[in-house]
Every structure is written in structure tokens, then in C-alpha cells.
Chemist: 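There's a structure below that I have some questions on.
In this text the structure is predicted, and so the values were computed from the model without any measurement. Quick note on labels: first sequence line is chain A, next is B, and so on, each numbered from 1.
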Amino acid sequence: MTNANLRRALLSVAAPLLALLVAVALTSLVLLALGDPVRDVWITMLSKPKPRQLTNIVNGAIVLYLSAIAVAVGFKMNLFNIGVDGQYRVGSFAAALFAGQAWLPGILNVIVAIIVSMAAGGLWASLAAYLKVKRGVSEVISTIMLNAIATGLVSWLLLKVAVQEAGSNAISTKVIPESSQLAGWKLIPGESNRVFSLLALAVLVGALYWFILGKTRFGFDLRATGSSETAAVASGVKVKRMVMTAMIASGALAGLVGMPLLFGQDYSYGTTFQAGLGFAGIGIALLGRNHPIGIAFAALLWSFLDTQANALQIRAGVAPELVYIIQGIILFAVVIAYEGTRRLDVRLEQQRVARELAALRAARVTEGAAA
Amino acid sequence: MGRGGLAITTLASPSLGSDTLAVEVTGITKRFPGVVANKDITFSVRRGTVHALVGENGAGKSTLMKILYGVQRQDEGTIAINGAQVDLHSPADAISSGIGMVFQHFMLADNLTVLENVVLGAERLHGISGGARREIRRISAEFGLDVDPDDLVANLGVGDRQRVEILKVLYRGAKILILDEPTAVLVPQEVDELFDNLRELKADGLTVIFISHKLDEVLSVADDITVIRRGTTVASVDPKTVNARQLAELMVGSQLPTPETSESTVTDRVVLSLRDITLAGSEGRNLLTDIDLDIHAGEIVGIAGVEGNGQAELVEVIMGMREPSAGIVKLEGTDISAWEVREIREAGVGYIPEDRHRHGLLLDAPLWENRILGHQTERPNVRGQLIDAKSAKADTERIVREYDVRTPSIHVTAGSLSGGNQQKLIVGREMSHNPKVLIAAHPTRGVDVGAQASIWDLIRKARHEGLGVLLISADLEELIGLSDTIRVILRGRLTGTFDPDTVTSQDLGSAMTGADGSHDVGAHDAPSDAPQDLR
């Protein structure tokens with residue numbers, strides 16, 4: 001048993017490492033083909049980040065982590081929630097609008113705004129869930145569509161409620177009161193910028209994700225549905241209700257994605273609010289294999305690449321968009337590597353079972369002969 | 001392992017000139033990771049004969065067939081067709097060597113005609129219309145297949161479909177036909193027709209390799225028999241000199257178990273009763289009509305029927321996976337018709353599903369998680385809302401021990417166990433929650449003979465302990481051997497009641513196809529005009 005666990009652990013570390021190597025090799029080939037300085041690029045990408053960048057990496061990872069967990073809840077049930085992007089926009093906007101009114105004091109305002117965001121995200125996701133359960137519409141299609149609608153809806157509503165900042169074209173919701181702005185933690189020495197306070201939220205979400213999926217009846221039902229819907233039905237899981245629940249939970253978690261940004265950095269929702277986090281979350285959930293720790297590493301890696309790429313233009317004369325190529329190749333490689341190791345794992349296990357059973361039989365035969 | 005006085009010629013094949021041999025297989029070995037599926041398989045097939053390959057499930061027959069048909073490559077050994085060695089890399093190679101395969105599961109498109117199905121993929125041979133139609137008629141007439149090229153496949157019965165499959169292979173020029181468990185889907189009367197067809201093929205000089213584990217059939221149709229056990233050929237026998245029992249013992253390598261139930265334990269206490277259950281299907285046709293069924297404590301009620309006559313739906317209604325359109329299901333007097341699956345299982349209905357891979361197990365999950373499946377709300381699996389992994393694991397160890405599940409540990413995935421051991425785990429799991437009723441759908445399908453015997457024992461034990469058992473099976477011997485009462489299901493109706501002590505397979509076969517005319521032997525009121533609402 002320990003052997004099998006060790007093997008599995010080795011395999012699960014080996015696969016992403018292999019994927020990274022493949023990504024480095026293929027990106028180098030692309031750079032070579034285009035006559036770009038391969039060495040300079042990697043020196044820039046792999047240089048030790050300064051404390052300031054380190055903070056940015058951690059902050060980026062917090063947001064990506066929440067997004068990936070939201071996606072992973074769906075993945076665990078074989079639901080592909082591409083709609084995290086739209087769900088977190090809707091949620092962030094609703095939360096910013098609410099918190100900006102300053103109806104509640106200080107931290108209470110933050111907490112209720114987070115709940116508002118989760119409710120809005122969940123509600124948005126429930127549209128896709130309803131369509132899937134009642135009408136059989138694939139959640140892949142409906143969530144993509146709902147992303148587009150969310151973008152339009154939020155922009156339109158923003159125009160209605162926005163305040164224009166002085167001397168800027170950018171518009172945003174009313175800035176949240178100072179008492180509700182979270183100052184952040186000085187975790188990384190040597191620099192004045194701070195890590196989002198809502199790191200705590202990400203840690204809490206990761207722990208709950210692990211606990212609920214792995215240790216509770218509900219989590220068992222959800223995983224069973226993901227691994228075999230037919231077996232889940234026969235075991236008494238109400239699959240339709242499960243789809244509803246999982247999709248709404250995923251949307252509610254997506255509602256958390258914008259919260260560290262809202263309360264730790266932007267203090268309002270505006271045209272400059274960070275976009276595309278939902279899509280990054282899909283890749284990170286894949287890379288992290290839907291595991292709460294794996295996703296943490298994947299989010300840090302993603303954020304590291306994003307941050308390091310900023311210097312590419314200056315130091316290597318290469319467009320920072322190169323990082324998208326690297327990330328894309330990592331994902332391709334990782335999907336292939338994971339499938340490869342999964343098959344290997346299944347094969348090794350079957351071999352082991354056959355071998356041990358044969359040994360058992362042999363032992364019995366000799367016993368019988370001795371008797 | 002004594003097998004007394006059996007007439008077995010050893011494996012050295014009869015010294016015939018290779019010019020009369022259609023297939024010569026020598027020393028075939030095929031290894032899969034961790035298992036040797038075939039080991040030193042050697043046998044010869046004479047041209048113009050029906051050669052049966054028999055062996056229990058999992059003995060390695062399918063692997064051998066895949067090698068002969070070019071789907072897989074052997075690691076060692078040679079195959080010679082008509083005296084010439086061949087190297088089969090793909091089914092296309094096999095077809096061009098004159099080998100054709102008729103699979104157990106038909107590969108026909110329902111919405112196309114026979115002609116269209118036959119020419120599909122072989123359009124170059126005789127075109128797709130007139131020429132092909134003539135060729136199909138010619139083949140059909142030559143071998144007595146009685147196939148009309150312009151029939152829609154959807155309108156054909158199982159036996160007809162099988163003849164279309166055979167014709168498909170002949171159309172492609174096969175001289176050697178491999179039939180994989182061809183009788184598994186047929187009722188006895190259709191089996192006889194198939195055997196007539198095979199004799200015609202043989203008479204015309206074609207060679208048939210017939211794979212089966214139904215020994216009476218093998219004995220009646222084969223000219224030679226090769227027995228495979230544990231992946232290797234153990235004997236070649238002459239069907240004239242052995243009987244079914246001897247053959248079976250060769251297959252198993254030991255004394256054979258029989259599905260026999262001892263004295264009756266039937267009580268008069270009804271545990272599960274179905275009244276007027278009707279389940280409407282799409283297109284206005286009922287999947288189940290007016291099902292009345294009582295199962296008493298200590299009774300095994302067997303349901304006989306050709307697959308697809310409503311057995312699966314009947315189980316789904318009882319288990320709460322489908323809502324009946326009319327009628328009620330009562331468990332010990334309580335109406336459970338509207339209950340959810342989980343409530344029904346909690347109330348004490350154990351379920352051995354027909355397809356354990358799809359409905360009974362999570363193949364990628366470890367055994368102890370599979371022990372939880374289906375009983376996610378019950379001790380020892382859970383405490384409140386939390387999974388109690390420790391108790392579940394301990395109880396899995398117990399099941400593994402008591403039900404003889406052969407596994408190195410409870411942490412391996414369910415998918416890495418053999419079918420028989422998977423099934424024993426399921427039976428153990430279902431029996432661990434004090435069920436009052438056990439719904440067993442094809443409990444020994446795809447299970448080796450050893451496990452089959454122990455599963456029969458477990459079902460008998462359940463009956464002895466006062467459970468009511470609903471046994472659905474395609475294996476008539478199993479039904480007759482285990483059941484206290486046999487009901488026949490035909491087109492969604494229970495059409496007959498039989499006493500297993502007096503009924504024969506032939507009687508059941510007639511009733512299963514509706515050929516017996518009288519649909520209602522039992523005392524209930526099913527009208528006998530059932531045929532009118534089919535298709």
C-alpha cells in the first residue's frame with residue numbers, strides 16, 4: 001500500500017515537471033525559429049524575483065487560486081464550468097456596488113459584500129445549471145454564452161451607476177469606504193507593498209474544498225457522480241440536484257475571485273478591473289489536478305510566469321505575450337502527461353494485483369502440498 | 001483434480017496433412033501487463049468442419065480470437081492459414097486471408113436496410129445496388145440464410161440479425177468464420193436454426209470456429225473441440241466420446257458446481273409486491289404492462305426472458321430509478337412507489353446491478369470507497385454527515401475476508417479486480433446492510449466458474465436467511481437451478497409461471513419467444529394478445 005502511494009506520489013510530481021521541461025524546450029524552439037535570444041529570455045524568466053515582485057506573485061496567485069478552485073468543483077463532477085469568468089465579473093460588480101454604499105461599517109461591510117458576490121456568482125451559474133438540468137443544454141455552451149452576456153450586462157449597468165474619477169476616462173462604482181479597505185499583511189520583508197488580507201479567504205476555501213469533497217457524504221456523492229453518473233444514480237444520488245448544487249457552488253466560489261482585488265487593491269469595480277481570471281483558472285485547475293495543494297502550486301507558478309514576463313520587453317527585447325505561449329504549451333503537455341501517467345498507473349496497478357494474487361495462489365499450493 | 005477415465009486425445013493434433021488444415025495455431029503466447037492471457041496455445045482446425053473452442057469466461061478465448069482476427073498481435077507463436085504462415089497486423093489482413101469474424105454484439109445500423117448494412121465498408125466488391133443485391137441473394141440462397149436484402153434491420157429479430165452478420169462476413173469472401181458466443185443472445189429454437197446454417201456452411205467447404213461455453217450446444221454441432229483453461233489449450237477432444245459434464249470438468253479443472261437449491265424455505269410472508277405496474281415508453285408503447293408479482297420471504301423468484309423484454313425496466317422501477325406510470329410497489333406492506341432510490345435502498349432492498357461496471361462500481365476508486373457506494377447514508381460508512389473512512393475500511397476488510405474477494409489490499413481500484421471478485425465485493429456489500437429483498441440482475445454474468453459457484457451459494461444463503469430474491473438471468477440453467485418460481489417476461493408482460501422442478505429449457509424458450517401460444521399459464525389476468533403491441 002505504501003508502495004503504491006509512493007508510486008502515485010512520484011508519478012504525480014513527475015508529470016508536471018515533465019510538462020514544464022517540454023514547455024521550456026518547445027518555447028525555445030519557437031524563439032530559435034524566430035531568431036529571438038533564447039538565453040536572455042530564460043535568464044529573465046528564471047531570475048530571482050525582487051521582494052516587490054514576490055508580493056505581486058503571491059497576490060496574483062491568491063486570485064488565481066480562488067478561480068481554479070471554482071473550476072475544480074465543477075471538474076470533480078465532470079462539469080466544465082467555463083463561466084467562472086462571467087460569474088466573477090457579475091459577483092465583483094454586485095459586491096462593489098453594495099460595499100460602495102457603505103450601509104454597513106468596516107469589516108461587516110466586507111463580509112456581507114463577499115456574501116453578495118457569492119450569491120450573484122451562484123445566481124449567474126444557476127442559469128447554466130437550470131438549462132442543463134431542465135433542457136439538457138451543455139454547460140460548456142451555456143456558460144460561454146453567459147460569459148458574453150455577463151460582460152455586456154456589467155458594462156451596461158456600470159454606465160448607469162458609475163462615478164467618473166476626476167481627470168480620467170475610466171469609470172467605476174463608488175469607492176468603498178476606507179474602513180472597509182483591507183490593508184494587507186507585510187509578509188515579505190524588504191518592500192512596502194503588502195499581501196492581500198484575503199489570502200486568509202483563499203486558505204479557508206482550500207481547506208473547506210479539501211474537507212467537503214474528501215470527508216463528507218456530500219463530497220462522496222459529488223465525486224461518485226463525477227466518476228460514474230450511472231453508478232451514482234444506482235447508489236441513490238439525485239444527479240440532477242447534484243448538478244444544480246455543484247454548478248451553483250462553483251459559481252458562488254467564482255464570486256470570491258474578485259474579492260481580494262476589490263478590497264485589497266482597486267476598492268471599486270471599474271473598467272480597469274482585472275479580466276480573464278476565469279480562463280486562467282481552468283488551466284490552473286488542470287495543472288493542479290483539482291487538488292487543493294496542487295492548485296496552490298499551479299497558481300504560484302502561473303503568477304510567477306505572469307510577473308516575470310513583464311521584464312521580457314526591457315531585458316530581452318521580446319514581447320511579454322511570450323508567456324501565453326509558455327503557459328499554453330505547459331497545459332498541452334500537462335494534459336498529455338497526466339493521461340499518460342494515469343494509464344501507466346492503471347497498468348502498474350493491474351500488474352501488481354495480478355502478481356500478488358499469483359504469489360498468494362502459489363503460497364496456497366505449496367501449503368496444500370506440504371499438508 | 002482427479003478426472004477419471006476421460007477419452008482425451010492429447011494436444012498433438014491428429015497427423016493430418018497440412019493441405020486439409022484451414023488454420024494451424026502453434027505456440028501462441030500473449031502477455032498483458034501482469035498477466036499472461038494466452039500461453040502456448042496450439043490447435044488445428046480441419047477445413048470444412050465446425051471447430052469449437054470452449055473455456056470458461058476469462059480463460060483467454062477472446063484474446064485468442066482477437067489475435068486470429070488481427071486486432072491484437074501475439075508475442076510468440078505462429079498462425080498458418082491453409083498451410084501458409086500469415087502475419088496478421090489488422091482485421092484487414094485477416095479478411096484478406098479469408099478470415100471473418102461474427103461478434104457477439106451485433107454491429108448493424110438499425111435504420112439501414114440489410115443491403116446497406118452489408119455493403120457498408122465493402123462498396124468496392126459488388127457496388128451498392130443491383131450487383132450487391134444479386135450477390136446477397138446468391139449467398140443467402142446458397143447457405144440457406146433466408147435474408148432479404150431490402151428488409152430494414154430495425155424490423156429484424158435477433159436470429160435474423162445474426163444471419164445478416166454472417167452474410168456480411170461471407171460477402172467479404174471469408175472462408176473461415178469465427179463466431180464469438182453466437183448463441184448467447186438466442187433462444188433454443190433460434191440456436192437450432194443457427195446450427196442448421198452452420199452445417200450448410202460446412203457442407204460447402206467453409207470452416208467455422210465456434211466459441212462457446214455452452215457445452216450441450218458445442219457437443220451437438222462441433223466436429224472437433226479444443227478446451228482452453230487458464231490461457232492455454234489443455235485438451236482436444238472428440239465430441240462423440242465425451243459428455244457435457246466431462247467437458248465442463250476439463251474446462252474448470254475440477255469438479256463442477258451446479259446451481260441447485262435444496263429444500264424449500266418459502267414462507268407465506270410477502271416482502272415485495274408489485275401490483276398493476278405499467279411503465280409507458282416513448283412512442284406510446286408500454287415498456288411494462290400490468291406487472292403483478294409477489295416475492296415471499298425465503299423465496300427466489302426467477303425472471304426468464306429474452307433480453308430487452310422489460311427486465312431492466314422492471315428492476316429500475318423497483319429500485320426507484322424510474323417512476324412507474326401506474327401501479328404500486330410495496331415493501332413489507334409499505335407503499336414505496338414514490339420513494340427515491342436512496343430511501344428504497346435504506347429500507348432494505350439490496351441491488352446487484354446487471355452491468356456492474358456502469359451501475360455497481362466506481363472503477364477508479366479503491367475498494368473501500370466502493371464499499372460505501374450505494375450505502376452512503378448508512379453505518380459503518382458514515383457518521384452523521386461525515387464519511388467514516390476508518391470503519392468503512394475495517395468493514396471492507398471483513399467483506400473481503402468473508403466473501404472471499406481475491407485482492408492484495410482494499411486500497412487497489414475496483415477496476416483492477418477480475419469480474420468475479422468485483423461481483424463478490426458487490427454481493428458482500430449488499431448483504432452487509434440486512435436487506436429484506438435482494439434484486440439480483442444477471443449476478444453471474446462474466447464471472448468465472450469458481451466465483452459463479454460462490455455467488456450461487458451466497459444467493460442460496462440469502463434465501464435461507466429469509467430474504468426475498470428477485471433473480472433475473474439469461475442463463476436458463478441458473479434460473480431453473482436456483483429459483484422457487486419462474487416467471488417469464490415477454491414484451492413487458494409477465495406471461496407465464498413455471499415450476500422449476502418440472503420445466504425444461506425448451507418450455508421456457510417457447511414461452512420467452514411467445515411461441516407457445518398460451519401466454520398465461522399463471523393465474524393472473526394478462527391478456528394473451530400481447531404480440532399486437534410490440535414494435
Chemist: Under 4.5 Å heavy-atom distance to chain A, tell me which part of B/Arg358 shows up: side chain, backbone, both or neither.
Modeler: both
Chemist: For B/Leu362 versus A/Ser228, what's the shortest heavy-atom pair and its separation?
Modeler: CD2-CB, 3.9 Å
Chemist: More than 12 heavy atoms of other residues, nucleotides or ligands under 6.0 Å from CZ of B/Arg383: is that the case?
Modeler: no
Chemist: Do you know which of B/Thr407, B/Thr377, B/Val382 has the most heavy-atom pairs with chain A at a distance under 4.5 angstrom?
Modeler: B/Thr377
Chemist: Examine whether an atom of B/Glu340 lies under 4.5 Å from a heavy atom of chain A, and if so say whether it belongs to the side chain, the backbone or both; otherwise answer neither.
Modeler: side chain
Chemist: Take atom CD in B/Glu346; do more than 12 heavy atoms of anything else shown fall under 6.0 Å from it?
Modeler: yes
Chemist: Where on B/Leu361 is there a heavy atom nearer than 4.5 Å to chain A: the side chain, the backbone, both, or neither?
Modeler: backbone
Chemist: Which one of A/Val233, A/Asp221, A/Ile212, A/Leu348 has the most heavy-atom pairs closer than 4.5 Å to chain B?
Modeler: A/Asp221
Chemist: Heavy-atom cut-off 4.5 Å, strictly under: side chain, backbone, both or neither for B/Glu316 against chain A?
Modeler: neither
Chemist: Show the nearest heavy-atom pair for residues A/Ser235 and B/Gly374, with the distance to one decimal.
Modeler: CB-N, 3.3 Å
Chemist: Under a 4.5 Å heavy-atom cut-off, does chain A meet the side chain of B/Met319, its backbone, both or neither?
Modeler: neither
Chemist: Carefully, step by step, assess B/Leu386 and A/Phe211 under the rule side chain to side chain contact (heavy atoms under 4.5 Å, CB included).
Modeler: CA-CA 10 Å; B/Leu386 299 186; A/Phe211 178 77; 3.6 Å; yes
Chemist: Any chance you could measure A/Thr216, atom OG1, to B/Gln376, atom CD, to the nearest 0.5 Å?
Modeler: 11.5 Å
Chemist: Do you know which two heavy atoms are closest between A/Phe220 and B/Glu369, and how far apart they sit?
Modeler: CZ-O, 3.3 Å
Chemist: Do other residues, nucleotides or ligands put more than 12 heavy atoms under 6.0 Å from B/Asp364 CG?
Modeler: no
Chemist: Using a cut-off of 6.0 Å, state whether more than 12 heavy atoms not belonging to A/Tyr130 lie near its atom OH.
Modeler: no
Chemist: Could you tell me whether the side chain of A/Arg217 and the main chain of B/Gly384 form a donor-acceptor pair under 3.5 Å?
Modeler: yes
Chemist: Would you indicate whether A/Arg241, at its atom CZ, is surrounded by more than 12 heavy atoms from other residues, nucleotides or ligands within a distance under 6.0 Å?
Modeler: no
Chemist: Does the B/Arg342 side chain pair with the main chain of A/Lys238, one donor and one acceptor, at a distance under 3.5 Å?
Modeler: no
Chemist: Is there a donor-acceptor pair closer than 3.5 Å between any side-chain N or O of A/Glu349 and the backbone N or O of B/Thr413?
Modeler: yes
Chemist: By a 4.5 Å heavy-atom criterion (distance strictly below it), what part of A/Val346 contacts chain B: side chain, backbone, both, or neither?
Modeler: neither
Chemist: Under 4.5 Å heavy-atom distance to chain A, tell me which part of B/Pro408 shows up: side chain, backbone, both or neither.
Modeler: both
Chemist: Got a second to check how far A/Arg223's CZ is from B/Leu373's CG, nearest 0.5 Å?
Modeler: 11.0 Å
